[in-house]
Amino acid sequence: MQKFPIVVLISGNGSNLQALIDDAKISKKYQIKAVISSNPEALGLSRAKRENIKTYCIDHRQFAQRTDFDRALLNAIKENNPELIVLAGFMRKLGPEIVGHFANKMINIHPSLLPKFPGLNTHQKAIAAGETEHGCSIHFVTTELDAGPILAQARTATTPNAAELRQKVQELEHKLLPLVVRWFANRQVLLQKGIIYLDGQALPIQGFCAFLKKS
Ligand code: GRF
């Protein structure tokens with residue numbers, strides 16, 4: 001049987017990509033058809049090549065207009081017919097055409113408990129704000145940065161050291177992302193009128209939560 005096809009978009013290290021590569025082998029539920037990087041130096045590209053996964057580098061600096069970059073990205077994704085596109089450390093904001101084209105099929109992992117701390121430097125921001133808990137979120141991609149409907153979150157206690165906190169959150173990311181991709185592969189997720197249903201049950205506004213709590 002054909003496995004559920006996904007495409008992963010990256011810009012850097014690719015540790016979340018690695019978590020998906022490893023989980024795809026164990027779960028046998030989905031197949032990473034291609035990895036697309038906006039950065040030619042991304043370590044994630046070597047992780048993909050090592051597994052004989054098709055790679056593309058679409059360097060945003062080679063495009064005069066953002067719409068041209070988006071069009072090249074759209075074409076590369078379409079070549080692989082994915083049912084799900086996973087943004088895993090992809091550092092470019094996407095325009096309305098590409099987001100609209102893959103509506104309900106594109107998810108992003110973000111290192112904060114959204115809607116708190118969209119954007120960059122989330123760990124430092126959580127510490128500075130005196131948060132006692134921090135974590136990661138997986139949400140559908142919309143044209144507004146880090147603001148789409150939230151599928152799932154995982155939380156952990158905040159530590160005063162940002163590097164340590166980042167490490168703790170990444171450990172959660174590596175568990176949460178494969179889990180959510182399995183939901184899609186099992187066709188457990190439905191997004192309708194802004195409400196996410198998991199196994200037919202409407203999720204609360206901040207997604208399926210807290211099951212990976214880690215002290
Ligand atoms: C992760 O923390 C993810 O939440 C954010 O970018 C980081 C990517 O890390 N969007 P990696 O490249 O998967 O190691």
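Indexing begins at 1, ligand by ligand and atom by atom, following the structure's order. Small disclaimer: the values here were computed from a predicted structure and weren't measured.
Within 4.0 Å of ligand 1, counting heavy atoms only, the contacting residues are Asn13, Gly14, Ser15, Asn16, Gly89, Ile109, His110, Pro111, Gln170, Glu173.
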Assess the residue pair Lys105 and Glu83 against the criterion (salt bridge (Lys or Arg N to Asp or Glu O under 4.0 Å)); give the C-alpha distance rounded to whole Å, side-chain angles, the decisive distance to 0.1 Å, and a yes or no.
CA-CA 6 Å; Lys105 280 190 171 185; Glu83 299 223 32; 5.4 Å; no
Passes salt bridge (Lys or Arg N to Asp or Glu O under 4.0 Å), Lys25 versus Glu51? Steps please.
CA-CA 11 Å; Lys25 286 183 197 163; Glu51 302 292 329; 3.0 Å; yes
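Atom CZ of Arg71 has 12 or fewer heavy atoms from other residues, nucleotides or ligands within 6.0 Å.
Taking the six-membered ring where tryptophan is involved, the planes of Phe69 and Phe90 are essentially parallel, since the angle between them stays under 30° and well short of 60°.
Residues Val8 and Ile6 form a side-chain contact, since some pair of their non-hydrogen atoms from C-beta on lies under 4.5 Å apart.
Salt-bridge check for Lys125 with Glu131: failed, with every basic side-chain N at 4.0 Å or more from each acidic carboxylate O.
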